[in-house]
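Everything numeric here is computed off the predicted structure, so don't read it as measured data.
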Amino acid sequence: CPTFAFTPAKGAWPPSLRSVANRDYADQKEGDGKGGWSDQGPEMDLRKFDTGQKQFVGVPFDLIDPQKNQGKAVVVFDSRRTATGLKEIVLDLPEAARNTRFLYLLHTSCWVPASPTPVGTIIFEDGSGKQTTKEIVSGTDVRDWVHPSPASNAQIASSGTYLGQRRTLFLSKYSLPLRGARKIRLRTTGKTVWILCGATLTDKDITWSNEPFVPRAPEYKTADLSEL
């Protein structure tokens, strides 16, 4: 099970996914069954993504450098489209993180089914074995990585253009339903290529609005870009 690596962010515990990561951000050959990423080839991967200790929408993550982990940086769950054989991962929580309030996921998906379709499950387990589950639903918790539109629990965390196409990661927040949770299981339904880049436990309650920002204060003026 992953061990927890601490970042300078106080009160945040990003678990290391080094022992369960199974693919690189980069894919060298489309459809060879090896990956990385979604196995769609070098024109459809996330090779330009910057790793290390990063923050997205105010949440810190410890993102794996594939060159320091035998070419493995992300968790690509098993699916009909991309067979990886990885149907579930288990995160063991250290004592200091067992009473945190929120789990944040930095993730994305490819070939997302119509909304709403359950694409994964989060299973929270305490020391007695009691479990509480939450579904990860398409159109609510995650969207397709090449269509950068937010959802109610899928804030756009990172989005950029590579070879003329958008590539997007989403941030999702889940309240821990159990005090003293010992384990968190992430399990796929196999209905999409679900890709996990990072996870963080914290008491920090990040809120976001998916409404576009429209400045109304008098000090805001429309910029004249005609000369650019």
Side-chain angles (χ1 to χ4, degrees), residues 14 16-57 59 61-87 89 104-115 117-120 136-151 153-172 186 188-199 210 212 228:
S16 172
L17 301 177
R18 285 169 177 78
S19 64
V20 292
N22 59 349
R23 285 195 171 177
D24 197 341
Y25 285 99
D27 182 31
Q28 304 304 328
K29 185 178 180 180
E30 180 181 0
D32 64 357
K34 300 177 182 179
W37 200 244
S38 56
D39 200 22
Q40 292 178 267
E43 296 184 358
M44 288 292 290
D45 62 18
L46 207 66
R47 65 182 60 224
K48 298 292 186 179
F49 192 61
D50 193 18
T51 59
Q53 294 181 354
K54 306 293 179 183
Q55 283 201 39
F56 298 90
V57 200
V59 180
F61 289 91
D62 188 11
L63 306 177
I64 302 169
D65 181 347
Q67 296 184 1
K68 298 179 180 179
N69 196 49
Q70 300 180 333
K72 313 296 184 184
V74 298
V75 175
V76 182
F77 289 94
D78 190 59
S79 68
R80 301 166 188 169
R81 290 275 190 173
T82 302
T84 67
L86 185 61
K87 301 180 185 298
I89 64 171
Y104 290 89
L105 299 182
L106 183 68
H107 61 158
T108 195
S109 195
C110 313
W111 293 292
V112 178
S115 305
T117 299
V119 297
I136 297 173
V137 179
S138 66
T140 298
D141 300 284
V142 71
R143 291 190 184 274
D144 195 287
W145 76 304
V146 296
H147 298 294
S149 57
N153 192 34
Q155 171 70 357
I156 294 175
S158 177
S159 187
T161 301
Y162 177 60
L163 295 178
Q165 194 162 27
R166 300 294 288 181
R167 315 291 164 97
T168 307
L169 297 180
F170 299 94
L171 179 72
S172 298
L186 301 178
T188 183
T189 64
K191 295 181 179 179
T192 187
V193 181
W194 181 25
I195 304 176
L196 177 66
C197 299
N210 290 326
L228 296 181

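Under the 3.5 Å distance criterion, the side-chain polar atoms of T108 are left unmatched by any main-chain donor or acceptor of L169. For the pair S172 (side chain) and D141 (backbone), a donor-acceptor distance under 3.5 Å is present. In this structure, the side chain of R81 does not engage the main chain of W111 through any donor-acceptor pair within 3.5 Å.
Atom CG of residue L46 and atom CZ of residue R23 lie 14.5 Å apart, to the nearest 0.5 angstrom. In this structure, CG in L17 is found 5.5 Å from CD1 in I89, a value given to the nearest 0.5 Å. To the nearest 0.5 angstrom, D62 atom CG is 9.5 Å from T51 atom OG1. Of the inter-residue distances, the one linking D144 atom CG with S138 atom OG reads 10.5 Å to the nearest 0.5 angstrom.
Evaluation of the side-chain contact (heavy atoms from CB on, under 4.5 Å) rule for R143 yields S149, A151, F170 as partners, not counting sequence neighbours. The salt bridge (charged side-chain N to carboxylate O under 4.0 Å, His left out) test applied to D78 returns K87, not counting sequence neighbours. Every residue two or more places apart in sequence or in another chain was checked for a side chain to side chain donor-acceptor pair (under 3.5 Å) with T84, and none qualifies. With sequence neighbours excluded, the residues satisfying side chain to side chain donor-acceptor pair (under 3.5 Å) with S109 are T192. K191 pairs by the salt bridge (charged side-chain N to carboxylate O under 4.0 Å, His left out) definition with nothing, not counting sequence neighbours. Shown here are the ring pair (Phe, Tyr, Trp, His ring centres under 6.0 Å) partners of F77, two or more places apart in sequence or in another chain: W194. Partners of S159 under the side chain to side chain donor-acceptor pair (under 3.5 Å) rule, at least two apart in sequence or in another chain, are R166, T168.
Residue T189 comes nearest to P118 through the heavy atom pair OG1-O, 3.0 Å, listed as atom of the first residue, atom of the second, then distance. For the residue pair M44 and Q165, the shortest heavy atom distance occurs at SD-OE1, 3.0 Å. A pairwise comparison of heavy atoms in D24 and V74 identifies O-CG2, 4.0 Å as the closest pair. Listed here is the closest heavy atom pair of G139 and S115: CA-OG, 3.2 Å. Here the closest heavy-atom approach between residue L63 and residue G198 is recorded as CD2-CA, 4.2 Å.
When side chains are defined from C-beta on, V20 does not count as touching L196, because their heavy atoms never get closer than 4.5 Å. Counting only heavy atoms from C-beta outward, the side chains of L106 and F56 approach each other to under 4.5 Å. Counting heavy atoms from C-beta on, the side chains of L171 and F61 come closer than 4.5 Å. Using a 4.5 Å heavy-atom cutoff, the side chains of L86 and V76 are not in contact.
Applying the side chain to side chain donor-acceptor pair (under 3.5 Å) test to every pair with at least one member in residues 35-47, sequence neighbours left out, gives these pairs: S38-Q40, D45-R47. Judged as a side chain to side chain donor-acceptor pair (under 3.5 Å), not a single pair has a partner in residues 65-75 (not counting sequence neighbours). Residue pairs meeting the salt bridge (charged side-chain N to carboxylate O under 4.0 Å, His left out) criterion with at least one member in residues 27-36, sequence neighbours excluded, do not occur.
Between Y25 and F49, the two ring planes are tilted [angle within 30° to 60°].
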Derivation and outcome, side chain to side chain contact (heavy atoms under 4.5 Å, CB included), residues I195 and C110:
CA-CA 8 Å; I195 304 176; C110 313; 4.1 Å; yes
